[in-house]
Amino acid sequence: MSQNGIETIVIVGAGQAGASAILELRANKYEGKIILVGDETHLPYERPPLSKDVILKPEETKIEILSEEKLAELGVEHIRGNGVVKIHSDAKTVELKNGEIVAFDKLLLATGGAARRLPNFDALGKHVYTLRNLEDSQALVPVLQAGRRIVLIGGGVIGLELASSARSKDCIVTVIEMGPMVMGRSSPRVLSEFLLAQQRLAGVDVRLSTSIADCKLDGEEVVITLEGGEELRADAVVYGIGIVPNAQLAVDAGLDVDFAIKVNDNCQTSHPDIYAAGDVATQLRDCGNHRRVETWENANLQAGIFARHVMDVEHPTPNPAWFWTDQLNINYQFVGDMAASEWMVRGEIKPELAAESSFVLFGVTDGVIVGGITVNAAKEMRHLKKLISKNAAFEADKYLDLSQDLRKLVK
Ligand SMILES: Cc1cc2nc3c(=O)[nH]c(=O)nc-3n(C[C@H](O)[C@H](O)[C@H](O)COP(=O)(O)OP(=O)(O)OC[C@H]3O[C@@H](n4cnc5c(N)ncnc54)[C@H](O)[C@@H]3O)c2cc1C
């Protein structure tokens, strides 16, 4: 049966965007064939718990997005452990690792990214880890044991979440960050300082503006020499210094790629029948530039854009971008523009009393609320989303007054 001239949709990558695309296609009444091709042997799973609950509570943590039964119910053919090695864009087929050829009418590339490598650390051969998939996370469970010296390279979200998990397991933790701030790419200074204070109060030795000159193995220890000459000795090193989008298939197929796969606002690549979504895609934004967003929400959002476009359904106005991180028992949520010119605090920042520290930050540019952060205040997030969507003017006397209910102010 053909719908909109489509009989078969092939999705490459059984991760967040791939799984979400299946749900979105069926929700938008696509009844044709869906073939999900994954290079991993697992059912589609979520990655956020990999740095948190999979390490801390491996037995009780469920990360599966779609069960075998659900995939069957949705009429999906799931090819596992047999990734796509080539796209034949003119013939509209993909070639799998085992040589099999699969034809498509529409193709979604949802191949995510791979950990950016540090070859001098990889060359040590042992005691060095990265974190991107389930096996990586499971490998860390026996490594993060009480009393072990763990050096984390990179003070971004993954580094700080791992530091938090490692401290929960009583490891001796050092974080080495090249930049002057932790989470410097995704958080304003005021929050970055709070995050840093939390890590230090929890006993993590965070080194900012610190570069590594050398690394070597000395028996079972990794020896890291810092630029200033200081030597750090570790039982294990985990590095999280960003990802490289898995875009090689698109490069080889001659699609327009600039580090990531360039897509328009419908998530279409330079080939009209090939789409990309999630960490691998860089999308044309209202500002006229392409931007890649590495979040769980963005993967789901772009999967929805793809599904609606192939089904000829209009896209709803998107919400401002949102993501979260959980560190040291504190929940942080971020929405909108983290590069706002000023940040205003609603509530009191009490770094020393983290459990009681609950506050909201308003990001303001030209008098308008453009960004928001909640710290242990998740219930306020939907109000911030609304204020940003409405381009609400920031009024300090209203929004910073704790006696005023944000919910009522939003109306
Ligand atoms: C440890 C960790 C913690 C995170 N925590 C958070 C968080 O707290 N909040 C948040 O918002 N985001 C978080 N993220 C980010 C979020 O998980 C990603 O943005 C999201 O998973 C991206 O989805 P995706 O579908 O693009 O890629 P993925 O979920 O990575 O899926 C891509 C899939 O494609 C497969 N693949 C690659 N190449 C091929 C091929 N040639 N053929 C077949 N299959 C292929 C990959 O193996 C993978 O299974 C975290 C990520 C990690 C790694």
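Keep in mind that this is a model prediction, so the values were computed, not measured. Counting starts at 1 for both ligands and their atoms, following the listed order.
For ligand 1, none of its N or O atoms has an N or O atom of S51 under 3.5 Å away. Considering backbone and side-chain atoms together, N246 places no N or O closer than 3.5 Å to any N or O of ligand 1. For F323, no nitrogen or oxygen atom sits less than 3.5 Å from a nitrogen or oxygen atom of ligand 1, counting backbone and side chain alike. Between A299 and ligand 1, no pair of N/O atoms sits closer than 3.5 Å. Considering backbone and side-chain N/O atoms, Y45 never comes within less than 3.5 Å of an N/O atom of ligand 1.
Neither side chain, Q283 nor D265, offers a donor N or O lying under 3.5 Å from an acceptor on the other. Counting only N and O atoms by type, the side chains of W322 and E297 include no donor and acceptor under 3.5 Å apart. Checking Q198 against Q327 by side-chain atom types alone, no donor-acceptor pair falls below 3.5 Å.
Looking only at heavy atoms of the protein, atom 43 (C) of ligand 1 is closest to D39 N, 3.3 Å. Protein heavy atom closest to atom 7 (C) of ligand 1, with residue, atom name and distance, is W324 O, 3.5 Å.
Between F362 and F394, the ring-plane angle classifies as tilted under the 30° and 60° cut-offs.
Checked options Y332, W343, F194; the residue passing with F359 is F194 (criterion: ring-ring contact (aromatic ring centres under 6.0 Å, His included)).
Nearest heavy-atom pair, V335 versus K385, reported as atom, atom and distance to 0.1 Å: CG2-CG, 3.7 Å.
Judged by distance alone, the side chain of Y239 and the main-chain N or O of L118 form a donor-acceptor pair under 3.5 Å.
For K52, the closest heavy-atom approach to ligand 1 falls below 4.0 Å. Judged by the shortest distance from any of its heavy atoms, E161 lies inside the 4.0 Å radius around the atoms of ligand 1.
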